[in-house]
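Taking it in order: structure first as structure tokens, then the write-up.
Just so it is clear, the values below take in all heavy atoms, side chains as well, and ignore hydrogens, waters and symmetry mates. Keep in mind that what you see is a predicted model, and the values were worked out from it rather than measured. Every chain is numbered from 1 and lettered A, B, ... according to where its sequence line falls, protein lines coming before strand lines.
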2 protein chains.
Amino acid sequence: MTDPFDIPAEPSDPQFDLSRFSPYRVALAAQLLSETLARVYRARFGLSIPDWRVMVHLSQSGRASVRDIEAKVVMEKSKVSRAAARLEGRGLIAKRQSESDKRLVDLTLTDAGQAMMDELLPLAAQFQRRIEAQLGTDFAGFDAALSRIIEAYHDSSL
Amino acid sequence: MTDPFDIPAEPSDPQFDLSRFSPYRVALAAQLLSETLARVYRARFGLSIPDWRVMVHLSQSGRASVRDIEAKVVMEKSKVSRAAARLEGRGLIAKRQSESDKRLVDLTLTDAGQAMMDELLPLAAQFQRRIEAQLGTDFAGFDAALSRIIEAYHDSSL
DNA sequence: ATAAACTTGTTGCAAATGCAACGATTTCTG
DNA sequence: CAGAAATCGTTGCATTTGCAACAAGTTTAT
């Protein structure tokens with residue numbers, strides 16, 4: 001990927017405003033949304049955000065290895081591994097060595113984990129609807145912009 | 001309990017898609033942008049992101065207390081305090097007790113710090129222009145949406 | 001067939017983080 | 001004005017994080 005600063009040079013504004021800097025604004029929005037959600041996850045389900053991401057991914061994919069999750073939800077594999085260990089300890093997921101490739105670990109939700117997600121996912125869907133309502137007509141551009149950013153910077157980073 | 005691996009794993013809520021969940025997408029975009037920038041800050045200036053935020057805020061405000069920075073850039077005060085200690089150790093900022101209120105600490109850039117920002121800020125401005133170019137017509141809605149999110153969740157969180 | 005190279009998941013370790021507690025100061029209240 | 005309450009910045013502590021190293025397993029190349 002090209003150097004982030006490698007664009008045609010122009011006279012730079014002497015006035016730089018942090019509060020208008022998009023990377024800062026995105027980080028701030030992410031932090032505020034995460035904190036709001038994390039409070040609910042933790043209070044109602046005892047889940048950290050890494051825990052939550054693993055659970056949600058498993059509820060979608062049905063079965064996944066640590067590596068699958070690492071790639072799909074963009075978390076360090078050690079973070080995934082530790083989340084999986086916690087969740088297994090709580091009986092929310094099951095871990096098994098894969099038959100086809102014994103390096104891999106198959107992760108699946110247990111019945112208890114499935115039950116938790118049946119309760120949790122509607123709340124997440126509700127939150128999503130709330131955000132879309134809050135953003136109104138700006139949501140389309142917002143979502144499109146996120147897609148662009150995620151695609152543009154995906155390979156250049158981990 | 002049933003063996004989780006006996007059952008062909010089924011997604012519990014086909015309606016919910018993590019990759020479409022806005023809080024997740026914002027967090028991912030923030031992470032990718034932060035990693036891209038953090039590489040540059042660290043490689044070229046030896047600054048972590050907390051360091052960078054403190055430096056940028058000081059270059060704007062000229063003088064600020066830990067409390068000011070905590071509020072403006074939404075970082076824990078201990079994080080600000082430690083960043084300030086690091087930066088003072090490197091001679092990039094100066095710390096002194098405030099005259100008017102002796103609980104406060106006045107933070108200012110040193111000449112060395114100012115020189116670093118004179119080199120750094122044009123790169124940041126360049127990066128901002130690059131993002132705006134990448135997002136094209138979606139940038140307006142994107143930026144408006146960020147404003148709404150930041151405002152809506154600002155008080156409900158920290 | 002076999003050694004080298006690579007992949008996967010876990011763990012040790014150092015650094016970063018969040019939170020609470022604290023001393024020092026200032027402001028509030030009666 | 002005095003005592004209580006609040007604010008500010010730092011620090012101790014436990015937890016979390018990222019990175020590198022590692023064992024176990026698989027693929028590649030000769």
Between the base of [N] and the side chain of [X], is there a donor and acceptor pair under 3.5 angstrom?
{"X": "Arg103(A)", "N": "dT7(C)", "answer": "yes"}
{"X": "Arg67(A)", "N": "dT8(C)", "answer": "no"}
{"X": "Arg82(B)", "N": "dG9(D)", "answer": "no"}

From [atom1] of [X] over to [atom2] of [N], roughly how many Å is that when rounded to an integer?
{"X": "Gln97(A)", "N": "dA23(D)", "atom1": "CD", "atom2": "P", "result": "18 Å"}
{"X": "Glu76(B)", "N": "dG18(C)", "atom1": "CD", "atom2": "C1'", "result": "6 Å"}
{"X": "Ile49(A)", "N": "dT17(C)", "atom1": "CD1", "atom2": "P", "result": "16 Å"}
{"X": "Arg96(B)", "N": "dG9(D)", "atom1": "CZ", "atom2": "C1'", "result": "16 Å"}
{"X": "Asp101(A)", "N": "dG25(D)", "atom1": "CG", "atom2": "C1'", "result": "7 Å"}
{"X": "Lys77(B)", "N": "dA21(C)", "atom1": "NZ", "atom2": "P", "result": "12 Å"}
{"X": "Glu99(B)", "N": "dT26(C)", "atom1": "CD", "atom2": "C1'", "result": "16 Å"}
{"X": "Leu104(A)", "N": "dG25(D)", "atom1": "CG", "atom2": "P", "result": "12 Å"}

- So what does Ser65(A) hit on the nucleic acid, given a heavy-atom distance under 4.0 Å: a base, only sugar-phosphate, or nothing? sugar-phosphate

- Query: Which part of the nucleic acid, if any, lies within contact of Lys102(A), taking any heavy atom under 4.0 Å across all strands shown: a base, the sugar-phosphate backbone alone, or nothing?
  - Reply: sugar-phosphate

Does a donor on one side chain sit under 3.5 Å from an acceptor on the other, for [X] and [Y]?
{"X": "Arg96(A)", "Y": "Thr108(A)", "result": "no"}
{"X": "Tyr153(B)", "Y": "Gln31(A)", "result": "no"}
{"X": "Asp101(A)", "Y": "Ser98(A)", "result": "no"}

- Taking the nucleotide of DNA chain C with the closest heavy atom to each, which residue, Val80(A) or Arg42(A), is nearer the 5' end? Val80(A)

- Message: Between Gln128(B) and Ser22(A), does the side chain to side chain donor-acceptor pair (under 3.5 Å) criterion hold? Intermediate values first, please.
- Response: CA-CA 7 Å; Gln128(B) 177 66 30; Ser22(A) 293; 3.0 Å; yes

- Message: Can you confirm whether more than 12 heavy atoms, excluding those of Lys95(B), are under 6.0 Å from its NZ atom?
- Response: yes

- Does a nitrogen or oxygen in the side chain of Lys79(B) sit under 4.0 Å from OP1 or OP2 of dA15(C)? no

- Message: Any side-chain N or O of Ser78(B) below 4.0 angstrom from OP1/OP2 of dG18(C)?
- Response: no

- Query: Which of parallel (below 30°), tilted (30 to 60°) and perpendicular (above 60°) describes Phe16(A) and Trp52(B)?
  - Reply: perpendicular

- First of Pro50(A) and Lys95(B) reached from the 5' end of DNA chain D, by closest nucleotide: Lys95(B)

- Query: Rounded to the nearest 0.5 Å, what separation is found between the CD1 atom of Ile49(A) and the CG atom of Leu37(A)?
  - Reply: 7.0 Å

- Query: For the helix from dA1(C)-dT30(D) to dG30(C)-dC1(D), what angle lies between the axis at the first five pairs and the axis at the last five pairs, to 10 degrees?
  - Reply: 30°

